[in-house]
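These numbers come from the heavy atoms of this one structure, side chains and all, not from hydrogens, waters or symmetry mates. Computed from a predicted model, the values in this text were never measured in an experiment. Below, chains carry the letters A, B, ... as their sequence lines are ordered, and counting in each starts from 1.
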There are 2 protein chains.
Amino acid sequence: MRQQERKIDTRARLLTAAADLFAEHGIAGASVDAIAQRAGRTVGALYGHFASKDELLFAVVDEWLADTATVVAAELELADDAEGRLASLWQAVSQPSSARWLALEHEVWSHAIRHPLALDRLRARYVETWQGIAQLADRWPEFSGAGANAPAVVGVLLGLAMMNQVSPGSITQEMAVRTLHLLISSPDIQGATP
Amino acid sequence: MRQQERKIDTRARLLTAAADLFAEHGIAGASVDAIAQRAGRTVGALYGHFASKDELLFAVVDEWLADTATVVAAELELADDAEGRLASLWQAVSQPSSARWLALEHEVWSHAIRHPLALDRLRARYVETWQGIAQLADRWPEFSGAGANAPAVVGVLLGLAMMNQVSPGSITQEMAVRTLHLLISSPDIQGATP
DNA sequence: GTCTATACAGGGATAGAC
DNA sequence: GTCTATCCCTGTATAGAC
């Protein structure tokens, strides 16, 4: 394996290890030593790839968003009606395997609230997500109101996922779908501003 | 001031200082030394009142819930129609001064996801909140569906508040009220289980 | 009931070797 | 590109004095 290939491999290993440990033990609880060790490398290698622990965190989150967008897009194509597509969105955030993501999301929020730079990056990521929701209208007519309410759509998904995590089963798919349906199909929900 | 009075005073000071610092710097970022110092005491006094940093955290959160329930109940009484009451709920979580609470909430979630005991206490607190929402039906008829959807109501409030924090103004009061209205007035939203 | 002093542990980041 | 060794800082919790 040439050095360049090893470098790419090391970066990937570090990102995976960091994602796992940040989710399991929190940002503060996951030491750079532990991350490097799980990746089969040492701290030296880690700092050769990322300037700081924070930069590593941002890289982890960015990679996660890209991966998820791809997966969700594919699942939306598989559904064959409006209900099915809304259910896909709910499934994406509520399935048990998303618990890891939710844990990481709370960590990032906690971190961002206190670090202006991190907050900017968090905001940029959500704006990107909102745009993705808005663009669903180009593909399916039932999302006609999604543009104006995209932040609310994401907020509802996030909030319901949280409740579902404290008490699994407390949120039914029907509840989620019906709430989302109200938001995506009402372009004028913001008020009667003509 | 007698010793008993001083003890009560010290406990109150510690709780206030802890709430402030946990919100400002995170649970991990707020040292017990800093908390004690802000309260005008020392670590010794802190450990005289709370067995550990975790116990202090739980006490802070419990106190916050009790205070908030009282405030929200009072504001609900002041509103004079259904829209107004839903707007009160939204105001309670979205006003700028609630940012501190939201920060603390993320901290607690991050903490709870990794600590089973803390998760139990978090769950118990949410169940208590859900019950409070359900009981609104006894007071106002428009909350007839709140019982079945209480977790969703709380989830929506939380999720929308989060979006409003990353991008202030992205969620209008109209959006929040309309979404909440769907949930509280639909006893059968869970599906056609008779 | 509260303070001071301290034991004890752990983490982020860097320097220099290979 | 990666490793080893180390600096330096900070934190939780306890012991014993007052």
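A donor-acceptor pair under 3.5 Å links the side-chain atoms of A/N164 to the main chain of A/G169, judged by distance alone.
Under a cut-off of 6.0 angstrom, the local environment of CD in B/Q91 is crowded, with over 12 non-hydrogen atoms contributed by other residues, nucleotides or ligands.
Among residues at least two apart or in separate chains, salt bridge (charged side-chain N to carboxylate O under 4.0 Å, His left out) pairs with a member in residues 19-28 of chain A are A/D20-A/R38, A/D20-A/R100, A/E24-A/R38. Applying the side chain to side chain donor-acceptor pair (under 3.5 Å) test to every pair with at least one member in residues 71-86 of chain A, sequence neighbours left out, gives these pairs: A/E77-A/R139, A/R85-A/E142. Applying the salt bridge (charged side-chain N to carboxylate O under 4.0 Å, His left out) test to pairs two or more places apart or on separate chains, none has a residue in residues 88-97 of chain A.
Scanning for ring pair (Phe, Tyr, Trp, His ring centres under 6.0 Å) contacts around B/Y126 gives B/W109, with sequence neighbours left out.
At a non-hydrogen distance threshold of 4.0 Å, B/A30, B/S31, B/V32, B/D33 from residues 30-45 of chain B come into contact with DNA chain D.
Boundaries of the chain B contact region on DNA chain C are C/dG1 to C/dT4, first to last in 5' to 3' order (nucleotide atom under 4.0 Å from a heavy atom).
Atom P of nucleotide D/dT10 and atom CD1 of B/I27 are separated by 21 Å, given to the nearest angstrom.
In this structure the side chain of A/I113 reaches within 4.5 angstrom of the side chain of B/Q165, judged on heavy atoms. In this structure, the side chains of A/E105 and B/H106 stay at 4.5 Å or more apart for every pair of heavy atoms.
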